[in-house]
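Inspection log for the structure reproduced underneath, given as structure tokens.
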Amino acid sequence: MSKGLPKRSDDYSAWYNELVKKADLAENSAVRGCMVIKPYGFSIWEKMQAELDRMFKETGHTNAYFPLFIPKSYLSREADHVEGFAKECAVVTHYRLKNSADGDGVVVDPDAKLEEELIVRPTSETVIWSTYKNWIQSYRDLPLLINQWANVVRWEMRTRLFLRTAEFLWQEGHTAHATKQEAWDESVQMMHVYAEFAESFMGVPVIRGIKSESERFAGAEETFCIEALMQDGKALQAGTSHFLGQNFAKAFDVKFADKEGKLDLVWGTSWGVSTRLMGALIMAHSDDEGLVLPPKLAPIQVVIVPIYRKEEERIAVSEKANELVKQLRAVGLSVKFDDRDTHKPGWKFAEYEMKGVPVRLAMGPKDLEKGTVEVARRDTKEKSFVPADDALTQYVLDLLDDIQKNIYDRALKHREELTTPVDTYDEFKRILDEKTGFVLAHWDGTAETEEKIKQETKATIRCIPMDAPEEEGVCIYSGKPSTKRVIFARAY
RNA sequence: CGGGAUGUAGCGCAGCCCGGUAGCGCGCUUCGUUCGGGACGAAGAGGCCGCAGGUUCGAAUCCUGUCAUCCCGACCA
């Protein structure tokens, strides 16, 4: 591993790209736009998955799996939906290869053309609703609360590791309900689940809100979202939850008999978060020395680095270190004792800082003498010497809690500093250019105004916050009356 | 699909104008000294110079074509 990252202040985007590679999270693959998620990066994703999965199950959902391929005709059943995705779909046209005539490799066998092309899923509403049609007959079959963990493909022109890749991993929840209210409540609930996850586990504060019509999911009647602000002042959509109304039920003819025996269309929702969360996690907390991970998602929470010169010292230090490992693991902490003799302590310090390990314990001969250990926290880089006794476990547990809280507080403070209400279009443009961040402004509610602003400033409406107070005002662009402020920002 | 650039060792690059032994840094291997913040010395290994044609006694270098990648624009979780 070569040393050093570009500085965030010099080139934020280069910093991000290098960090992802140097922290061993992911790299570009042979296939354009697709990434290889490396073991360390995948461990973080697995931690996210485990917690989200637990939250989904706690709210009554169960996992299932639907196919990767979608018959082309399904996609066109819902007009808005196909409109939204058609431009970025990978299409399977053939099912066989054969040896090429010149004996040099293989070619697509033209005789093996599919009668109906298959689309690699960009999302699964269509296959799932075509299946739900068979599963739902009666109100007794509802609600149907299903989630799937899967990969999806959206053929993006420009990609960035984790933030936008042609293939990505996600979960997609798809639920069906007897009443509009129940489906609506479900989609709101899942937005809150996502927000809770982002804030409590990722340590990323988010705004809960509703998307404007033009930012809404194709095929949804309402899209709820959580929006986060990155260190560079750009917004990142971290999760979405859609109230689908009866749109997909209509398209796939999914009806149920209610208690009176009357047939009615079911109400639906869908909701998802993706490996993009990894991007949010990286950009929210990390610094010029590398990744900063929240303890609750760190694959390694505590690393122990031994320091020694002579073999006797190595043995003595290792013995004590192994005791600490046992002691810390006994309370469920994920601990790594890095006893590799091939790297020096200083090298290891730099490496674990790059990888964002929240707590580092360093122990050498001097510590053995004094009965101490050097404790370094990744978030503030503070170091202290602490007695290496039974009380160390509680000390580390408290420290991890403190780190979790501190990085959240820091991110929240940053967002608050970069959230600016404005009342004129000139001020709006000035803030976007000079200060960046979330800009709170009155908007007349029309797609035309939103589009004009987007074209002129590259800022989009991130969301209409759920808790936006009613406030009389005029649209910064058109001057028409408005009742609440919405959040504008330049976004990833 | 428009505009710009780049393909040379695992990675990052120089060499190309002006054709003549393929080089530097990092990493890698071995040995020794080191080890409390990315150690130092010595000795090594590693290349169809993106690919295909052409010019030439001779091409990484000049010409033609081609492929790929990256950056900037339109689209997006």
What nucleotide, of [options], holds the atom closest to the side chain of [X]?
X	options	value
Pro345(A)	A77(B), G38(B), C35(B)	C35(B)
Arg154(A)	A77(B), G38(B), G36(B)	A77(B)
Glu351(A)	G36(B), G38(B), A77(B)	G38(B)
Phe385(A)	A77(B), G37(B), G36(B)	G36(B)
Arg276(A)	G37(B), A77(B), G36(B)	A77(B)
Ala350(A)	G36(B), G38(B), A77(B)	G38(B)
Met354(A)	G38(B), G36(B), G37(B)	G38(B)
Thr165(A)	C75(B), G36(B), A77(B)	A77(B)

Length of the [atom1]-[atom2] vector between [X] and [N], whole Å:
X	N	atom1	atom2	result
Leu236(A)	A77(B)	CG	P	11 Å
His343(A)	G38(B)	NE2	P	15 Å
Lys21(A)	C26(B)	NZ	P	21 Å
Leu52(A)	A77(B)	CG	P	19 Å
Asp11(A)	C71(B)	CG	C1'	12 Å
Trp347(A)	G36(B)	CH2	C1'	18 Å
Arg378(A)	G37(B)	CZ	C1'	13 Å
Lys22(A)	C11(B)	NZ	C1'	10 Å

Heavy atoms only, 4.0 Å cut-off, all strands: where does [X] land among base, sugar-phosphate and nothing?
X	result
Lys381(A)	nothing
Lys366(A)	base
Thr240(A)	nothing
Tyr492(A)	nothing
Gln237(A)	sugar-phosphate
Arg160(A)	nothing

Using distance alone, with no hydrogens and no angle criterion, decide if Lys211(A) and Gln237(A) have a side-chain donor and acceptor under 3.5 Å apart.
-> yes
State whether a side-chain donor-acceptor pair under 3.5 Å links Thr460(A) with Arg462(A).
-> yes
How far, in whole Å, is [M] from [N] if one measures between their [atom1] atoms?
N	M	atom1	answer
A14(B)	U6(B)	P	10 Å
G12(B)	G27(B)	P	15 Å
G50(B)	G37(B)	P	44 Å
A22(B)	A59(B)	P	12 Å
G65(B)	G73(B)	P	29 Å
G58(B)	G41(B)	C1'	41 Å
G23(B)	C16(B)	C1'	14 Å
C48(B)	U33(B)	C1'	42 Å

Per nearest nucleotide of RNA chain B, the residue lying toward the 5' end, Lys458(A) or Leu163(A), is Lys458(A)
Would you please test Phe488(A) and Phe428(A) for ring-ring contact (aromatic ring centres under 6.0 Å, His included) and show each step?
-> CA-CA 9 Å; Phe488(A) 283 89; Phe428(A) 178 85; 5.0 Å; yes
Below 6.0 angstrom between ring centroids: does that apply to Trp271(A) and Phe56(A)?
-> yes
Kindly say whether the aromatic ring centers of Phe224(A) and Trp184(A) come within a distance under 6.0 Å.
-> yes
Pair partner, [N] [Watson-Crick or wobble, under 3.5 Å]:
N	value
C51(B)	G65(B)
G23(B)	C13(B)
G2(B)	C72(B)
G32(B)	C40(B)
A60(B)	none
G46(B)	none

Are Arg360(A) and Phe349(A) in a cation-pi setup, meaning NZ or CZ lies under 6.0 angstrom from the ring centre and within 45 degrees of the ring axis?
-> yes
Kindly indicate whether a cation-pi arrangement holds for Lys452(A) with Tyr477(A), taking the cut-offs as under 6.0 Å to the six-membered ring centre and within 45° of the axis.
-> no
Positions of residues 302-319 of chain A (non-hydrogen atom under 4.0 Å from RNA chain B), listed by number = Ile307(A), Tyr308(A), Arg309(A)
Heavy-atom pair of closest approach, residues Lys234(A) and Leu229(A) = O-CD1, 3.5 Å
In terms of heavy-atom contacts, His285(A) and Met202(A) come closest through NE2-O, 2.8 Å
N or O in side chain of Lys344(A) less than 4.0 angstrom from G36(B) OP1/OP2 = yes
Has Phe349(A) got its ring stacked on the base of G38(B), with centres under 5.5 Å and planes less than 30° apart?
-> no
Answer yes or no: is there an ion pair linking Lys429(A) with Glu456(A), defined by an N-O contact shorter than 4.0 Å?
-> no
Before accepting this row, confirm whether a basic side-chain N of the pair Asp287(A)/Arg378(A) lies closer than 4.0 Å to the acidic partner's carboxylate O.
-> yes
Within a strict 4.5 Å, meaning less than it, do heavy atoms of the Asn63(A) and Lys57(A) side chains meet?
-> yes
Taking N or O atoms only and anything under 3.5 Å, show me the protein contacts with nucleotides 68-70 of chain B, one pair per line.
unit_1, atom_1, unit_2, atom_2, d
C70(B), OP2, Arg32(A), NH1, 2.9

His81(A) and Phe217(A): CA distance, side-chain angles, deciding distance, ring-ring contact (aromatic ring centres under 6.0 Å, His included) verdict = CA-CA 8 Å; His81(A) 188 64; Phe217(A) 172 71; 5.7 Å; yes
